[in-house]
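To start, the structure itself, in structure tokens.
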Amino acid sequence: MHGPKEPSPPNPSPDSESLVKRLAGPSTTKAGLAKDQSEINRVIAEASKGSKFYENEKRKDRDLTDRIEKILKYRDEVLRGVDIRSVEQGVDQLLVKLEAQRDLSQAIVHVDMDAFYASVELLDNPALQGKAFAVGKGVLTTASYEARKFGVRSGMAAFIAKKLCPDLILVENRFHRYSEMSKRIMDIFRRYDPDMCAAGCDEGYLNITAYCADHRLTPAECVQQMRDSVREETKLTVSAGIAPNKMLAKICSDKNKPNGQYELEFEPRAIKAFMHDLSIRKVPGVGRVNERLLDSIGIKTCGDIYTHRGILALMDKQFGLHFLLQAFLGIASNVVQPGQREERKSIGAERTFTPLADTNRILQKLEEIAAELESDMEHGGWTGKTVTLKFKLDTYQVFTRAKSFDRWVSTKKEDLFAIGKELLIPELPLTIRLIGLRVTKLKDLRAELDSKVNGIKRFFQSAEPSSPRKRRRIDTEDVGDLPDEIEDMQLSQDGFMEVMPGFHEDNEADEDDMHASAPADDDDDPIAVKKQHLDRQATPAPNKPAFTRPRPPMSAPAPSLASTSTSPFMKPTSHKQRSARTAQGPSRHSSSAEPEARPSRFPTLAHPGAPEATAIDADAEEHTCPICGRSMCTDNQGLNAHIDFCLSKSAIREAQAAASIDIGQKLMPSARPSGSAPGFGKPKPEKKVRARKR
DNA sequence: GCGGATCAC
DNA sequence: TATGGTGATCCGC
């Protein structure tokens, strides 16, 4: 289009080093990088140039640069007139205390499938063997090792990947397949630790201490055997790391990837030596931003943490001293537990689309999201008290708007849509490329159901078989015998979760339900889609006997490594939000300007179509079944029998249908009950460590 | 409690 | 020809 030799200005504002690196994506440093990363980065920056995405990255890069500048200024201030030596001595004492908490008694393994999605695709299509190919459509979820040589990475836009590797073959995701394989693999892992913790669909943590003792194996032998089993049974390869805690094991699993394993010596000296030269970026929890932040004060490796311990202590707020000291020492949690359903904190759905400015079209997207969320919530058996709307402008700036309620939010799509609409409308007009809804302050309806049913059964069982009570009014006094949840039921009102919407999902029965997608991918991958039904594993069926693996007796103290969370660093002291109006930013409506601008009431929520309340109809002569909501004239025995019947899958389905709950034909993946988060140093109520001598 | 940010997968 | 989705956590306000 232009003439040959476009004499463009010699240097049209060259991208800063940090920006070029940022554009290269988050998974550059963590994975095996290609030989000439800077050339690759140049190509990426070139291909991105001028796009809105690029401009947004540039903005974020600028913001971070400003933030660092402020931090450095603050550092200089804080250093004035401080005896850094004495500060360092204080830190040294803290290090001694931390060191005393080191626990080397457990053999922890991190297993990580090699290029999982790509390997599965290869398995099903051998023609891809040896080819540079990638999985994904608009954005890649993973790339074959051949493709990685070109700099193709997960998370990368497909068109960029094509520029780096013109012959790249693109394969679409088949999440159903990945879930299937994931399940098989996890089952193999569970033979070695029934309490293993899945972290996404392609990796997990195990405590093999007991298994090794019981089978007289060294950890390395055990892991080799496990990896052999996976390979034999699935034709897929897995890498593994063996170490005394989860953080170290995770770092180690990357050491001999692909198809390799690495064991770290269980000795403080060896561990500290291992950490000393390790890039700080390898520490889980240190991402691109914190890497740059730390770099600004001279910290690139974990060994540098000690060198700069003085300033880190003085700026604990900014950097998170405790977290970094633990990284320096190589100390972290060694507790491996399967994900608990109760741990779930939120459930949501979001979707990207071609930017829309038309209100009606935007609302249509919102409605679709509401429908997805309804499905997920009902399948999962969740409700909550806070709804958060998320939207991303065509400038890639992201905003959230939330609203909390006193009551449990209805999971009906009409209601979710109405709430979302109320949050969104005041912000318009805007041009939006993503919209999402999330519900927090969750309540686990499934657990509530269990407790309710059991409570009711206990209640009636404890009563005289045919006592005069049976016809008595069951009022609040009597309710005192019942779990609190039952009272909740009665208190619920229109528009909000009554009780038991349609949920209680059927297990193995419907294959279609398994279409869920899979998450995390290999090595360095930032890409993940909705998780699969790990519910099954995480929430054992009520009657399923607890697996009794020979657990070592508890004796060792919990390794108190609790400490901080995964996000140890802080933001700039006062990073003021860019002014609302500028750049098409949405307004912070009514916060202070017009306090009573809108009624806080929620008119649209009351939906007449709501399923009849399942509250216990205490006043009636007859009983109302807490499961299906039907009334019936019967005695306690009869009610009991009915409840049992009602609990059967088919009966529950029937109850749902009767309650006119439209439980999706929609094949929405049911959400995973969290619990896969490794959490290296969470102060979570981790159970005691299983102590066992190695 | 809300909104922005960071991170993992 | 157009850079993802789910969930968690922290911080300042």
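To find a chain, count down the sequence lines: A is the first, B the second, and so on, and within it residues start at 1.
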Report task. Taking only Lys NZ, Arg NE, NH1 and NH2, and the carboxylate oxygens of Asp or Glu, determine whether A:Arg351 and A:Glu368 approach each other closer than 4.0 Å. Result -> no

Query - A:Glu57 bridged to A:Lys60 by N-O distance under 4.0 Å - result: yes

Query - Separation of B:dA5 P from A:Arg438 CZ (nearest whole Å) - result: 18 Å

Query - side-chain contact (heavy atoms from CB on, under 4.5 Å) assessment of A:Leu64 paired with A:Arg292 - result: CA-CA 9 Å; A:Leu64 185 52; A:Arg292 248 193 93 187; 3.7 Å; yes

Query - Rounded interatomic separation in angstrom, taking NZ from A:Lys392 and C1' from C:dA2 - result: 12 Å

Query - Distance in angstrom units between A:Glu57 CD and C:dT3 C1', rounded - result: 9 Å

Query raised in the report: Side-chain donor-acceptor pair under 3.5 Å between A:Ser239 and A:Asp112, yes or no?
Result: no

Requested in this report: Describe the nucleic acid contact of A:Ser48 in one word from base, sugar-phosphate, nothing, applying a heavy-atom distance below 4.0 Å.
Outcome: base

Query - Phosphate contact (C:dT3 OP1 or OP2) by A:Tyr54 side-chain N/O below 4.0 Å - result: no

Requested in this report: Determine, for A:Tyr145 and A:Arg148, whether the Lys NZ or Arg CZ falls below 6.0 Å from the six-membered ring centre while staying within 45 degrees of the axis.
Outcome: yes

Report task. Return the nearest nucleotide to the side chain of A:Arg351; candidates are C:dG7, C:dG5, B:dT6. Result -> C:dG5

Query raised in the report: Phosphate oxygens OP1/OP2 of C:dA2: is one of them under 4.0 Å from a side-chain N or O of A:Arg433?
Result: no

Report summary line: A:Val289 has its side chain closest, among C:dA8, B:dT6, B:dC2, to B:dT6

Report task. For A:Lys441, answer base if it contacts any base atom (sugar-phosphate contacts may also be present), sugar-phosphate if it contacts only those atoms, and nothing otherwise; contact means non-hydrogen atoms under 4.0 Å. Result -> sugar-phosphate

Requested in this report: Tell me which nucleotide among C:dG5, B:dC2, C:dT3 gets nearest to the side chain of A:Ala157.
Outcome: C:dT3

**Report entry** Check: C:dT6 base within 3.5 Å donor-acceptor of A:Ser346 side chain
**Finding:** no

Query raised in the report: Given B:dA8, C:dT3, C:dG7, which nucleotide is nearest the side-chain atoms of A:Ile160?
Result: C:dT3

Report task. Assign A:Leu434 to base, sugar-phosphate, or nothing according to its heavy-atom contacts below 4.0 angstrom with the strands shown. Result -> sugar-phosphate

Query - Residue A:Arg281, side-chain heavy atoms: nucleotide from B:dA8, B:dG3, C:dT3 that is nearest - result: B:dA8

Requested in this report: Please check the phosphate of B:dC7 (OP1 and OP2 only) for any side-chain N or O of A:Arg288 closer than 4.0 Å.
Outcome: no

Report task. Respond yes when some side-chain nitrogen or oxygen of A:Asn290 is under 4.0 Å from OP1 or OP2 of B:dC7, and no when none is. Result -> yes

Query - Listed nucleotide nearest any side-chain atom of A:Lys345, set C:dA8, B:dT6, C:dG5 - result: C:dA8

Query raised in the report: When you check the gap from the basic side-chain N to the acidic O, do A:Glu69 and A:Lys73 get nearer than 4.0 Å?
Result: yes

Query raised in the report: If you look at every strand shown and take non-hydrogen atoms under 4.0 Å, does A:Phe159 touch a base, only sugar-phosphate, or nothing?
Result: base

Report summary line: Nearest-nucleotide check on DNA chain B, A:Lys60 vs A:His110; residue mapping nearer the 5' end is A:Lys60

Query - Separation of B:dG3 C1' from A:Gln397 CD (nearest whole Å) - result: 14 Å

Query raised in the report: Using a cut-off of less than 4.0 Å, is there contact between a side-chain N or O of A:Arg401 and OP1 or OP2 of B:dG4?
Result: yes

Requested in this report: May I ask you to say what A:Ser404 touches in the nucleic acid, namely base, sugar-phosphate or nothing, with a heavy-atom cut-off under 4.0 Å?
Outcome: sugar-phosphate

Query - Residue A:Phe399, side-chain heavy atoms: nucleotide from C:dT3, B:dG4, C:dT6 that is nearest - result: B:dG4

**Report entry** A:Thr400 side chain near B:dG4 phosphate (N/O to OP1/OP2, under 4.0 Å)
**Finding:** yes

